[in-house]
Protein chains: 4
Amino acid sequence: MGKLGESAVEKGDFGGYSTVRAQSLALCRPLAADDYGVQPILDASPPKWHLAHTTWFFETFLLKVYLPGYKPFHPDFEVLFNSYYEGVGEQFPRPLRGTLSRPTVGEVMDYRAHVDEAMAKLLDADDPEVQDRIELGLHHEQQHQELLVTDLKANLGLNPLRPAYREGGTAFASGADKPLAFVGFPGGVTEVGAHFGDGFRFDNECPRHKVYLDDFALADRLVTNAEYAAFIADGGYETPSLWLSEGWTWRRENNVAAPMYWRRDDGVWHEYRLDGERPLLDAVPVTHVSYYEADAYARWSGARLATEAEWEAAAAEQPVQGNFADGGLHPEARGARPSQNRALSRGARGACPSQDRALSRGARGACPSQDKGARLAQVFGDCWEWTSSAYGPYPGFRPLSGTLGEYNGKFMSSQMVLRGGSCATPVGHIRLSYRNFFYPKDRWQFTGIRLARDRS
Amino acid sequence: MGKLGESAVEKGDFGGYSTVRAQSLALCRPLAADDYGVQPILDASPPKWHLAHTTWFFETFLLKVYLPGYKPFHPDFEVLFNSYYEGVGEQFPRPLRGTLSRPTVGEVMDYRAHVDEAMAKLLDADDPEVQDRIELGLHHEQQHQELLVTDLKANLGLNPLRPAYREGGTAFASGADKPLAFVGFPGGVTEVGAHFGDGFRFDNECPRHKVYLDDFALADRLVTNAEYAAFIADGGYETPSLWLSEGWTWRRENNVAAPMYWRRDDGVWHEYRLDGERPLLDAVPVTHVSYYEADAYARWSGARLATEAEWEAAAAEQPVQGNFADGGLHPEARGARPSQNRALSRGARGACPSQDRALSRGARGACPSQDKGARLAQVFGDCWEWTSSAYGPYPGFRPLSGTLGEYNGKFMSSQMVLRGGSCATPVGHIRLSYRNFFYPKDRWQFTGIRLARDRS
Amino acid sequence: MGKLGESAVEKGDFGGYSTVRAQSLALCRPLAADDYGVQPILDASPPKWHLAHTTWFFETFLLKVYLPGYKPFHPDFEVLFNSYYEGVGEQFPRPLRGTLSRPTVGEVMDYRAHVDEAMAKLLDADDPEVQDRIELGLHHEQQHQELLVTDLKANLGLNPLRPAYREGGTAFASGADKPLAFVGFPGGVTEVGAHFGDGFRFDNECPRHKVYLDDFALADRLVTNAEYAAFIADGGYETPSLWLSEGWTWRRENNVAAPMYWRRDDGVWHEYRLDGERPLLDAVPVTHVSYYEADAYARWSGARLATEAEWEAAAAEQPVQGNFADGGLHPEARGARPSQNRALSRGARGACPSQDRALSRGARGACPSQDKGARLAQVFGDCWEWTSSAYGPYPGFRPLSGTLGEYNGKFMSSQMVLRGGSCATPVGHIRLSYRNFFYPKDRWQFTGIRLARDRS
Amino acid sequence: MGKLGESAVEKGDFGGYSTVRAQSLALCRPLAADDYGVQPILDASPPKWHLAHTTWFFETFLLKVYLPGYKPFHPDFEVLFNSYYEGVGEQFPRPLRGTLSRPTVGEVMDYRAHVDEAMAKLLDADDPEVQDRIELGLHHEQQHQELLVTDLKANLGLNPLRPAYREGGTAFASGADKPLAFVGFPGGVTEVGAHFGDGFRFDNECPRHKVYLDDFALADRLVTNAEYAAFIADGGYETPSLWLSEGWTWRRENNVAAPMYWRRDDGVWHEYRLDGERPLLDAVPVTHVSYYEADAYARWSGARLATEAEWEAAAAEQPVQGNFADGGLHPEARGARPSQNRALSRGARGACPSQDRALSRGARGACPSQDKGARLAQVFGDCWEWTSSAYGPYPGFRPLSGTLGEYNGKFMSSQMVLRGGSCATPVGHIRLSYRNFFYPKDRWQFTGIRLARDRS
């Protein structure tokens, strides 16, 4: 990890301690008092818990260790707000987080102030380990800012009243009529992952290492609501041959027939977004789909999902820009932008009729291209993109030492890698090599679908 | 059902519409905003839900039916705040009540005001059915006032911080050294239950009917904390022969080793009460025990629980007075009062050595007496008393007609009858013939133990 | 308990040790080797287990205690074949009984022979306690003979191939067109239950005690398949107001829409009986219904179920005769017999038009009668009759001392009493005062419906 | 797929139709009649079901499709013995397989004979698709032969009596004192997987494709019982930092403290093997461990598990020989053979003290070597080796067309790849490129641990 003082603040893409901490509170500003304590689904945590747990992180891994004479805010908080660090000790049961009416929001705010005041004494410390941990703590808080938004969306979006988080955001959705095209990429030995010490990276992104890739092609944009609705209309949810075995069981046992926030009302699909429920916007990316759904959609369309190495190799040509959470309006996925479309139309120029014949429904009309200048839309931001890669250690992976080694490594089983960040990811938080991971069934994050294809 | 206008107000033991409605809000006054939405266990409901559901009752069964032109507050509330009335329609899933951050507390207060305003137009209606339903609605709200307190106790008492609901109440606990005695009652054909139309009664208390009882004896007070602690110390929770088969399974699967709010800290039993956690008060009645625990304790003590007919026959001699919720302090069970003790010592005068020999541990020293003037302490108030009678219909039982017939009758399976009310029952709410019912495993109510014995 | 040597053998209604033991094997004669180990539902046990457990009972409670030098057959059997006696020690988990491929059937047969040989030395013992325990052991084995048949029916009847247990039995089903009538009984103080020591009785039937009954009426026969089919056709399973709350939940969660062995095939109801599956026999009693279904049917028909005291008072006039398991053919419920019908037509003579008007659908045409000579058909045998009484202790109940006290008493919660025995109950096993008990949801026993009504 | 007639029989490593079919029956010869129907755990199936399902495969995918006039043995078997083919239709619920007492073993044997007789008419068919499906069917049956053995081991080994499958096999266990050594392998671009059409391969092994590997080292033999016991003694099961998060939860919820068939008796570890339970054999490979346990052990020993590409690259130098199921004795894992040890001692010659310092406990004394002639013991046979690779599609993967495409592809989520076959894998069934897959929690297969290390 690099030092925060230099890298983050200077680059202007990260923000210092007070900026990040303030952003957590800013996200809560539209909330009613009633919203702070609710755990709508087992995967989610109450906003109040996020506010306290991120504070606990600084108290536990910095103040208690490095600040002489620090007096903890409350003796019970060590257990109450420990998420999963066995090395720290016991944890309050996760499924009961929504039952903690105390500490109150006010007390949690006092806790934040108490810790922020103490942290002020550490921010300028010379100890590089202190600086590394501060930086980690801020990245950690940014991750929880994203969870705070998605957990809140689960709360509001599953409430029968479907209240808006913030009114007024009209989704940018032009580009609707743009057919999806595939952009080709050459194979060979390539490098992915991140070097240790080269700016801030999580341990799971390292080390940078060689992989061999066959030629492949990626779709130039995410799958849209309209395209996904066609999958549904074609019986996608009733066709077992399109699904992984686990996925089919999941679908049946949970009566899944559409993405998480879709609801059919009087024959018309509606989608809850953070500004409320409305009829489906055709051109925005479909989001809140599980890996099972993404995989089934890809199979239905005659394509597949990308591996994480393919994704990273292709994305390496793109700037890390996109529809991220920048504090304005509410975070929601948007349609591909016109400027991106223009770039794409240049990149994807030219026909490939012979390959077209092999393509089935969803991917019809698309064809690979090897034009190196080709740009992919929505690679960063908008929706996390499910890859077909299970989350595991890179060759030579070494977790952080001590209790912080529990941050990433111990989750390397049964989950899938997602890439690229989403509209709920704070601006500046993400990198090309950033690996997110969720269970195949999870869909309360802003998760979307980018198609891929072989080129052999 | 009698008319509210006459019976309740005149007698001064009930209170009119505005009094009862105001009491629900008064109970919430000590709450933090965070406390209103929490559902700590599946059996409990959030305070906010109680406030809304009791309002829904008046809206659904009175305003929508009898007030021409009434405009419902919100179209979704019919489903949201329906508890279990299939005749009204769909219900929001009970286990998810704690996930409803909306409507907010403020909106629920507006809902209450909206309904109260409309109800004002019905309060003087001549229609006796309207009056009966108003009275039922107020009794219904009082029942939820009790649940509000017990559900709140579950919230605060299971929170690791164990916050007090209200500070300052010192439990009245004299009488600790008074040994428990049994008071005898003669058998024969007797009448229990209530007549239709003779003041307000729930349908399940009717009709009044004859039963045959053998001679029996009841303990002159409830089992105390100290006595129950002796049961624990004697291995009561590790002795399968003391338990019902279901109870033993329940105990093992839930790792039960003490009443619900007891916690062993450094070798000393502590009990959470609504004014906070403290070392066990010896002389107060043990409370928050399941039927299984009450039954096991009785067996251990060489006694048994009373049938509901025995209880009612014995309680018929007592005034309906006791430690009820009267709006002062917090509701908690208290020790038997000195005045009661005096009465008891008179009643229980005289020895019965021959019977003493047959008595085992817990009931040692007690002996039946047939003195008709004998008074039993704590018959009304303090703790609901588990009876050994399963909850079922009285001979000739007829439920209310229509949807309100779902009020009581459809729960007549697998539950046990409790009698006498508790410290959380509103003053004036209860009667001699009042039948409460819970599952044998339930213990989040103020439930206690009164021993009984045969006299043959 | 009386001595077996005198009472049972002399009376000719019980059979001695070897007779009862042989009957268990006779019931298994039609089995394939594959059938011995199967546990089709959690409530059931494999035939092999019944054969071993009944043997374990004699080994544990007689041979190990009273036969000097007795060498147990196998050291592990004490745990393996202990059903629920905590006093004996650990028990093999009940849900896994179907996974015990060993001991083999052959080894279980050897176990039986080993124990029978040793028991021969105890059968003539003078010790009355030994005789009492032998008698209890034989009654215990008869109870398991009934379970063996019902568990076997669950195995074969839930198998998609629906194989017959034994071919060839044509159910006796005349009386189909006989309308159901009600027979009246006068109320007052009456005695029910059994005296200690007056022949063999289980502890739960004692002591004999007084109860007060209002006037009541019982249906003169069981509800038939045709009548129950009318309930289904009338939407009985889709009408929540007919059901107990628990029952409605049970129905919905288990997708229950008919009795356990009914199956709709091409628009026609079929019923699996032990001679195979066939179209419904109209005139035989409906059987394999839960308490919830029995209760809902009764409510639909404008009647109710009887209390166990009512049942016993009415049945006291009847001889203990009926369609029991007598070793011939397969046990199945049969239609009311012509001779019974004759008796009934005498008993039920006379019209009662004024009351008829109050009766709703299922009970239409019936009317009470006070004719003391009136006989009820199918009181004993055919189907166990669900009563509305929860299973609990009689006044003055004392369980057997020691481990055998676990036989009945510890099950006195959450279950309902059934009376009268069934077609699977061994002849001679049952008495007027016999109390069977099952959970309201249970329906793999031969359980049926007798309607009752108030007469006020 | 290649033709069976040529490839398999000529090579002598496969056997023709009748040989494979006969082997299934041979495996059942030691069974008692009671053993055929038992499903001891949900993952396992009864022997009878394996015998029927493998027959169903030939009936469904060959006889019904290619043999004109073929008459199915029984109309219900299509559903009863369908394992998971949605394309064929409905399936009998897997968890209930142990409740099917019918068809009887005799009827299943008749089913096998019926299908074998019909298959005789197809064995010489010229249609290459018929030949391919026959070959697939035989490989399928061999897979079920392995499951039959492991499922049977679960039945007998979890039975409290712990009966032997076959007596008399003394495990070959020399080599106990041989310390484990690591053998180095150079990295670079290499090819793994199988070509289509090059002899029989499952679709999931194809296509052959390039991967890039870093230098790595593999242990020269499997981890032994003695080594694993040291992990336990060192508190391995009580140290959360050694475990994946899921694994720690799994361990806690299931009270796992040792491999599946280990049992501590009087302070001594015993292991159930197919010839009965006995004190632990130190030198045989530890087996029946979950991925979580294998991963935790590797972490404890300072090593890791191999990726499947590493495994295949290393194993490519080895002949496909080892301790497979060859019809003799019972299948069980054995110690590394002396001849292998000799080869190993040559291969692993030379010290590497500098690296030794970095090694922690379990792997102490080992050092990498690049000697190309080095042989690894137990690569094939003995135990399936957990790899750190999640089971997914190879680049360019194409499932079989039609319903047989459900054979492998639809399971490509949440499972881990295992390599090398086990002592229960039929001789000749396996290949270098063979990919087995199970959930991380599964351990009823013969699963073992081979350590790997980086060489950077």
Side-chain angles (χ1 to χ4, degrees), chain A residues 28 30-49 51-52 73-82 90-93 95-109 111 151-165 276-277, chain B residues 28 30-49 51-52 73-82 90-93 95-109 111 151-165 276-277:
Chain A
C28 293
L31 299 191
D34 307 63
D35 298 328
Y36 280 89
V38 170
Q39 180 173 31
I41 55 176
L42 290 186
D43 288 315
S45 296
K48 190 166 72 171
W49 191 90
L51 294 177
F73 182 75
H74 193 294
D76 291 345
F77 284 15
E78 180 161 304
V79 167
L80 264 185
F81 298 118
N82 180 1
E90 206 188 339
Q91 301 126 50
F92 185 78
L96 300 182
R97 286 179 187 165
T99 69
L100 289 173
S101 75
R102 313 295 177 90
T104 64
V105 171
E107 289 162 345
V108 167
M109 294 303 182
Y111 181 35
D151 295 359
L152 192 60
K153 185 168 179 179
N155 176 22
L156 302 177
L158 298 179
N159 187 302
L161 305 179
R162 290 181 180 72
Y165 166 61
E277 193 182 53
Chain B
C28 293
L31 298 191
D34 306 64
D35 298 328
Y36 280 89
V38 170
Q39 181 174 31
I41 55 175
L42 290 187
D43 289 314
S45 297
K48 190 167 72 173
W49 191 89
L51 294 178
F73 183 75
H74 193 293
D76 290 345
F77 284 14
E78 180 161 305
V79 167
L80 264 185
F81 297 118
N82 180 0
E90 207 188 338
Q91 301 127 50
F92 185 78
L96 300 182
R97 286 179 187 165
T99 70
L100 288 174
S101 76
R102 312 295 178 91
T104 63
V105 172
E107 289 162 345
V108 168
M109 294 303 181
Y111 181 34
D151 295 359
L152 192 60
K153 185 168 181 180
N155 177 23
L156 302 176
L158 299 178
N159 187 303
L161 306 179
R162 288 180 183 72
Y165 166 62
E277 193 182 52

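Just so we're on the same page: letters track the sequence lines, and every chain starts at 1.
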Segment of B/Pro103 engaging chain A (4.5 angstrom heavy-atom cut-off): both

Region of A/Pro46 in contact with chain B, defined by heavy-atom distances below 4.5 Å: neither

Straight-line distance of B/Gln39 CD to B/Lys48 NZ, nearest 0.5 Å: 12.0 Å

Options B/Leu80, B/Val79, B/Ile41, ranked by heavy-atom pairs under 4.5 Å with chain A, top entry: B/Leu80

Chain B contact via A/Leu161 - side chain, backbone, both or neither, heavy atoms under 4.5 Å: both

Distance, nearest 0.5 Å, that separates OG of B/Ser45 from CG of B/Leu100: 10.5 Å

B/Pro160 backbone acceptor or donor facing B/Arg162 side chain under 3.5 Å: yes

Winner by heavy-atom pair count (cut-off under 4.5 Å) against chain B, out of A/Thr99, A/Leu156, A/Leu158, A/Leu31: A/Thr99

Contact leader toward chain A among B/Leu96, B/Asp35, B/Asp76, B/Val105, where contacts are heavy-atom pairs under 4.5 Å: B/Asp35

Straight-line distance of B/Phe81 CZ to B/Arg97 CZ, nearest 0.5 Å: 10.0 Å

Between CH2 on residue B/Trp49 and CG on residue B/Asp151, distance to nearest 0.5 Å: 9.5 Å

Polar side-chain atom of B/Lys153 near backbone of B/Tyr165 as donor-acceptor pair, under 3.5 Å: no

Max heavy-atom pair count under 4.5 Å with chain A, selected residue of B/Ala33, B/Pro163, B/Ala154, B/Gly37: B/Pro163

